[in-house]
Amino acid sequence: MHFPPIAERPWLVSYGRRRARKLTPGKADLMETLLPRIAVRLQPDEGFIQNTPDEIAKAHPRIWLEIGFGGGEHLAEQAARHPDVLCIGCEPFIDGVAKLLDDVNDRGLENVRILPEDARLLLEALPDASIERVFILFPDPWPKIRHQKRRIVSQQTLDLVERILKPGGELRLATDHVDYAIWMLAQVVQHQGFEWQAERDVDWKTAPSDWVSTRYEQKTRAQGREPVYYLLKKKTSKK
Ligand SMILES: C[S@@+](CC[C@H](N)C(=O)[O-])C[C@H]1O[C@@H](n2cnc3c(N)ncnc32)[C@H](O)[C@@H]1O
């Protein structure tokens, strides 16, 4: 697939490099062959059917969406565990996209779709109440105060997620960054569209039983940082 240079896509500048290293021939090949088959197309593209957000939502009653899947470990494992759910992942980092393609190919996963782009483009394009679950796991923390406006968990993102979630749909957030953990909760409280499911400390200090742990998360723990896990449900009406 063709990726326009970053200069033509100013919204991507904030992530830094889109490609860290040269892809292996196998991964480069998957970018040319597998990605076009499973990519989400924001605009209808002749020759590809059922790949626009509308078409995908119509064809699949159960869809989960991961924003910023990194290397795709979590998305691939969720897809393998839940063959009845379509798992869509968004990630502008091409090395991560290629790694997920490798996994999809090796494991023969049929229920994965990828948008190799800013997730907000898909959040804007998906129909209302079309998604069952959204994951934003260990998003870039942007620790400097002047960069905090780049954080993906924001009122704008929460508005978009609330709109596309089905009634009772779930938003799962995780971070290992203390300041971002506080920020996330403050954003959720301010937004009022979501109900935090935790009843006791242990509910957000430990991963839920169906959690898929990634290498990123294991590294975090090994470095002595304790992640937080927020399970939020879309409210039926704002109070
Ligand atoms: C710290 S990494 C975590 C990756 C993965 N979720 C994990 O837990 O291993 C954050 C990822 O989010 C991606 N990202 C940042 N902003 C994004 C956006 N607007 N849309 C989609 N992905 C985004 C980055 O490229 C990066 O791969």
Side-chain angles (χ1 to χ4, degrees), residues 1 3-4 6 9-21 23 27 31 35 39-40 42 53 64-79 87-104 112-126 131 133-144 147-161 164 171-181 183-184 187 207-208 210-223 225-231:
M1 282 179 92
F3 294 98
I6 284 181
R9 296 143 37 108
W11 64 89
L12 284 177
V13 170
S14 56
Y15 313 133
R17 292 178 304 171
R18 291 202 68 203
R19 175 168 292 166
R21 60 179 82 94
L23 297 177
K27 285 188 178 148
M31 292 291 287
L35 184 57
V40 177
L42 296 172
W64 294 0
L65 171 65
E66 182 167 351
I67 296 176
F69 60 70
E73 273 170 281
H74 172 266
L75 191 85
E77 181 59 25
Q78 291 288 14
C87 296
I88 308 181
C90 304
E91 174 57 64
F93 183 52
I94 298 307
D95 302 40
V97 172
K99 193 172 166 301
L100 175 59
L101 289 172
D102 215 17
D103 239 9
V104 167
V112 172
R113 298 284 183 281
I114 299 176
L115 180 76
E117 285 285 358
D118 187 322
R120 287 166 287 201
L121 299 173
L122 182 59
L123 294 178
E124 280 167 5
L126 279 163
I131 304 295
R133 191 177 283 183
V134 173
F135 300 91
I136 310 180
L137 309 179
F138 303 97
D140 296 323
W142 296 113
K144 290 187 182 153
H147 290 155
Q148 285 179 353
K149 56 181 179 296
R150 297 178 180 174
R151 288 178 170 172
I152 190 81
V153 178
S154 65
Q155 295 305 294
Q156 292 81 355
T157 304
L158 292 176
D159 278 348
L160 293 167
V161 170
I164 62 160
L171 169 61
R172 290 191 173 195
L173 304 175
T175 183
D176 58 330
H177 193 273
V178 176
D179 181 53
Y180 204 175
W183 164 285
M184 281 178 175
Q187 293 293 323
D210 60 351
W211 195 258
V212 173
S213 183
T214 62
R215 260 174 305 167
Y216 180 89
E217 185 181 347
Q218 285 147 24
K219 213 164 75 186
T220 283
R221 287 192 179 283
Q223 289 167 352
R225 293 196 302 279
E226 288 301 322
V228 300
Y229 308 88
Y230 296 144
L231 269 55

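We count ligands from 1, going down the list as the structure has it; atoms in each ligand are counted the same way.
Relative orientation of the Tyr216 and Phe138 rings is tilted, given thresholds of 30° and 60° on the angle between their planes. Between His147 and Trp142, the angle of the ring planes goes over 60°, which puts this pair in the perpendicular group of the 30/60° scheme.
Considering both main-chain and side-chain atoms, Pro92 never comes within under 3.5 Å of ligand 1 through any nitrogen or oxygen pair. When only interatomic distances are considered, the shortest N/O to N/O separation between Asp118 and ligand 1 falls below 3.5 Å. Where the criterion is an N or O separation shorter than 3.5 Å, residue side chain and backbone included, Gly68 meets it with respect to ligand 1.
Listed by atom number, the atoms of ligand 1 under 4.0 Å from Gly70 heavy atoms are 4 (C), 5 (C), 27 (O). Each of the atoms 9 (O) of ligand 1 lies under 4.0 Å from some heavy atom of Tyr216. Atoms of ligand 1 lying under 4.0 Å from at least one heavy atom of Cys90, given by number and element, are 21 (C), 22 (N). The contact set between ligand 1 and Ile152, taken as ligand atoms under 4.0 Å from a residue heavy atom, comprises 19 (N). Taking every non-hydrogen atom of Phe69 and a distance limit under 4.0 Å, the qualifying atoms of ligand 1 come out as 5 (C). Short contacts between ligand 1 and Asp140, defined as distances under 4.0 Å to a heavy atom of the residue, involve ligand atoms 1 (C), 2 (S), 10 (C), 15 (C), 24 (C). Ligand 1 places these atoms under 4.0 Å from at least one heavy atom of Leu137: 3 (C), 5 (C), 6 (N), 8 (O).
Only the side chain of Arg120 comes within 4.0 Å of ligand 1, counting heavy atoms alone; its backbone N, CA, C and O stay farther away. Heavy atoms from both the backbone and the side chain of Phe138 come within less than 4.0 Å of ligand 1.
The closest side-chain heavy-atom distance from Arg221 to Pro227 is below 4.5 Å.
Lys219 has no carboxylate O lying under 4.0 Å from a charged side-chain N of Asp176, or vice versa, which leaves the two without a salt bridge.
Scanning Glu91, Arg150, Glu66 for the heavy atom closest to atom 27 (O) of ligand 1 points to Glu91.
Between Pro143 and His177, the closest heavy-atom pair is CB-NE2, 3.7 Å. Of all heavy-atom pairs between Leu75 and Ile88, the closest is CD1-O, 3.7 Å. Summarising the geometry of Ala174 relative to Tyr229, their closest heavy-atom pair is CB-CD2, 4.2 Å, with the distance given to 0.1 Å. What you find for Lys99 and Lys27 is that their closest heavy atoms are CA-CE, 4.1 Å. Closest heavy-atom contact between Thr175 and Tyr180: OG1-CB, 3.9 Å.
No heavy atom of Gly96 sits closer than 4.0 Å to any atom of ligand 1.
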